[in-house]
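Since this is a predicted model, take the numbers as computed values, not measurements. Hydrogens, waters and symmetry mates play no part in the numbers below; they use all other heavy atoms, side chains included.
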Amino acid sequence: MPRPVRTTVAAVLVLAAATGCGDAGGLQGAGPTPTATSPARLWPELTPATSPAWNYDDGESEVVKGITAPGDDVRKVDPVALVKAEIARHPEEYASPRAQYRETARLMRYCGKKPADRRCPLLKAYYRDLTGDGRDDLTLGFRLLPGDQTAVRVYTFQDGRLIQVMANEDAVSAVELAGRSVIIHAPSDLEDYEYRFQWTWDPQQHVMLLTHDEMLHIGTGASPSPSPSPSPSRSASPSTSRSAGPR
């Protein structure tokens, strides 16, 4: 007996579907679907590489010695002390006679004052859980002077130690926090285009890794169309500073 019941139900559904197609709010065709094209692998006879590619920002962490906070609360860490500690750890970049960013080190003496002194190169600190452990992490930036570059840093506490889990310098035009990621926008030599670098927390490596490196169209003349760009000339090339990624 169950077979006639199923047949009757199916007939009702078919009739309902046929009736619904005639309604003004029914399903409508979206036009032809583009044919899917699978990737075409080139040079399959190539011998697999045995060494890593040029430095594509593998990510490194660095312990910040001498700075602690009650309860490992990163909100209680003084951002001014963090930048001054970095300057002390890297005198070749900030303090030596030929240091590239001596002006940044000099102007740090204007930081931490109230009211704020505009000569201070330190930018506003932001707090958000980027590591997924339920605790806020610290994202801060400061201007690298002379020049037009900006340093972006991320700090978190791990096992009672303050760790720098991201260090990046670039000619930054904007920075965003999204989920577990820090997204850095940088100007391009091409008009109406920009570079966009996305650093994402990796729970296996316990560090922020460069997960996306692309060039995007941002002009108003056409809709944006992202195109992957390893850009070895930017993120993989040697530099006099640490502008391509972490130390």
Side-chain angles (χ1 to χ4, degrees), residues 52 54-69 72 74 76-113 116-127 130-131 137-173 175 182 184 186 195 197 199 201-202 205-210 213 232-247:
W54 210 357
N55 176 25
Y56 276 95
D57 302 324
D58 293 333
E60 293 181 6
S61 60
E62 182 177 3
V63 177
V64 182
K65 297 181 180 180
I67 296 182
T68 60
D72 290 348
V74 76
K76 297 180 180 179
V77 174
D78 182 8
V80 176
L82 277 177
V83 178
K84 289 184 176 179
E86 176 172 329
I87 291 174
R89 294 196 308 272
H90 302 282
E92 72 283 358
E93 297 182 18
Y94 298 100
S96 67
R98 295 186 179 182
Q100 188 171 2
Y101 303 122
R102 293 188 66 188
E103 187 68 3
T104 294
R106 186 184 71 83
L107 293 177
M108 281 301 298
R109 63 184 178 180
Y110 297 108
C111 297
K113 297 183 178 181
D117 194 314
R118 291 188 176 183
R119 289 171 290 184
C120 172
L122 180 62
L123 305 177
K124 177 183 176 180
Y126 288 89
Y127 301 90
L130 295 173
T131 60
D137 304 302
L138 167 61
T139 302
L140 64 79
F142 57 94
R143 297 187 300 275
L144 295 171
L145 303 170
D148 62 350
Q149 290 198 332
T150 302
V152 180
R153 306 284 187 261
V154 175
Y155 298 90
T156 186
F157 273 100
Q158 298 176 5
D159 300 325
R161 301 182 303 170
L162 184 62
I163 309 293
Q164 183 188 90
V165 294
M166 173 189 162
N168 182 86
E169 295 90 25
D170 212 329
V172 175
S173 56
V175 179
V182 178
I184 297 177
Y195 291 104
F197 307 100
W199 296 75
W201 172 254
D202 187 283
Q205 300 297 322
H206 298 282
V207 73
M208 306 285 288
L209 296 179
L210 181 62
D213 177 358
S233 61
R234 291 178 59 87
S235 62
S237 60
S239 172
T240 55
S241 69
R242 293 165 286 158
S243 61
R247 288 176 293 281

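Here Arg119 pairs with Asp117 under the salt bridge (Lys or Arg N to Asp or Glu O under 4.0 Å) rule; sequence neighbours left out. For Arg161, there are no salt bridge (Lys or Arg N to Asp or Glu O under 4.0 Å) partners two or more places apart in sequence or in a different chain.
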*asked:* If you apply the rule side-chain contact (heavy atoms from CB on, under 4.5 Å), what do you find for Leu82 with Leu140, and how did you get there?
replied: CA-CA 9 Å; Leu82 277 177; Leu140 64 79; 3.8 Å; yes

*Go through Thr156 and Val74 one step at a time and tell me if the side-chain contact (heavy atoms from CB on, under 4.5 Å) criterion holds.*
CA-CA 7 Å; Thr156 186; Val74 76; over 6 Å; no

*Could you walk me through whether His206 and Trp201 pass side-chain contact (heavy atoms from CB on, under 4.5 Å), step by step?*
CA-CA 7 Å; His206 298 282; Trp201 172 254; 3.9 Å; yes

*Please assess Tyr94 against Gln100 for the test side chain to side chain donor-acceptor pair (under 3.5 Å), listing each intermediate value before the final yes or no.*
CA-CA 6 Å; Tyr94 298 100; Gln100 188 171 2; over 6 Å; no

_Intermediate values then yes/no, side-chain contact (heavy atoms from CB on, under 4.5 Å), Glu103 and Leu144_ = CA-CA 8 Å; Glu103 187 68 3; Leu144 295 171; over 6 Å; no

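For the atom pair CG (Leu162) and OG1 (Thr68), the distance works out to 9.0 Å, reported to the nearest 0.5 Å. If you take CD1 on Ile163 and OG1 on Thr131, they are separated by 12.0 Å, rounding to the nearest 0.5 Å. Atoms CG and OH, from Leu138 and Tyr126 in turn, are 12.0 Å apart once rounded to the nearest 0.5 Å. How far CG of Leu123 is from OG1 of Thr139: 12.0 Å, rounded to the nearest 0.5 Å. Here the CD1 atom belonging to Ile184 is positioned 7.0 Å from the CH2 atom belonging to Trp199, to the nearest 0.5 angstrom. Expressed to the nearest 0.5 Å, how far OH of Tyr101 lies from CD of Glu92 amounts to 12.0 Å.
Tyr155 and Asp137 get closest at one heavy-atom pair: O-CB, 3.4 Å. Taking both residues in full, the closest heavy atoms of Ile67 and Ala81 are given as CD1-O, 3.8 Å, listed atom of the first, atom of the second, then distance. Considering all non-hydrogen atoms of both residues, Ser61 and Val207 come closest at N-CG2, 4.0 Å. When all heavy atoms are compared, the tightest approach of Val64 to Gln164 is CG2-N, 4.2 Å. In terms of heavy-atom proximity, Thr104 sits nearest to Arg143 at OG1-O, 3.0 Å. Closest non-hydrogen pair, Leu122 versus Gly141, comes out as CD1-O, 3.5 Å.
Contact of the Thr150 side chain with the Asp170 side chain is not registered, since no non-hydrogen atoms from C-beta on lie closer than 4.5 Å. For the pair Val165 and Gln158, the minimum side-chain heavy-atom distance is below 4.5 Å. Using a 4.5 Å cut-off on side-chain heavy atoms (C-beta onward), Met208 and Asp202 make no contact.
A donor-acceptor pair under 3.5 Å is formed between the side chain of Asp78 and the backbone N or O of Val80.
Between Glu62 and Arg153, none of the side-chain N atoms (NZ, or NE/NH1/NH2) sits under 4.0 Å from a carboxylate O, so this pair counts as no salt bridge.
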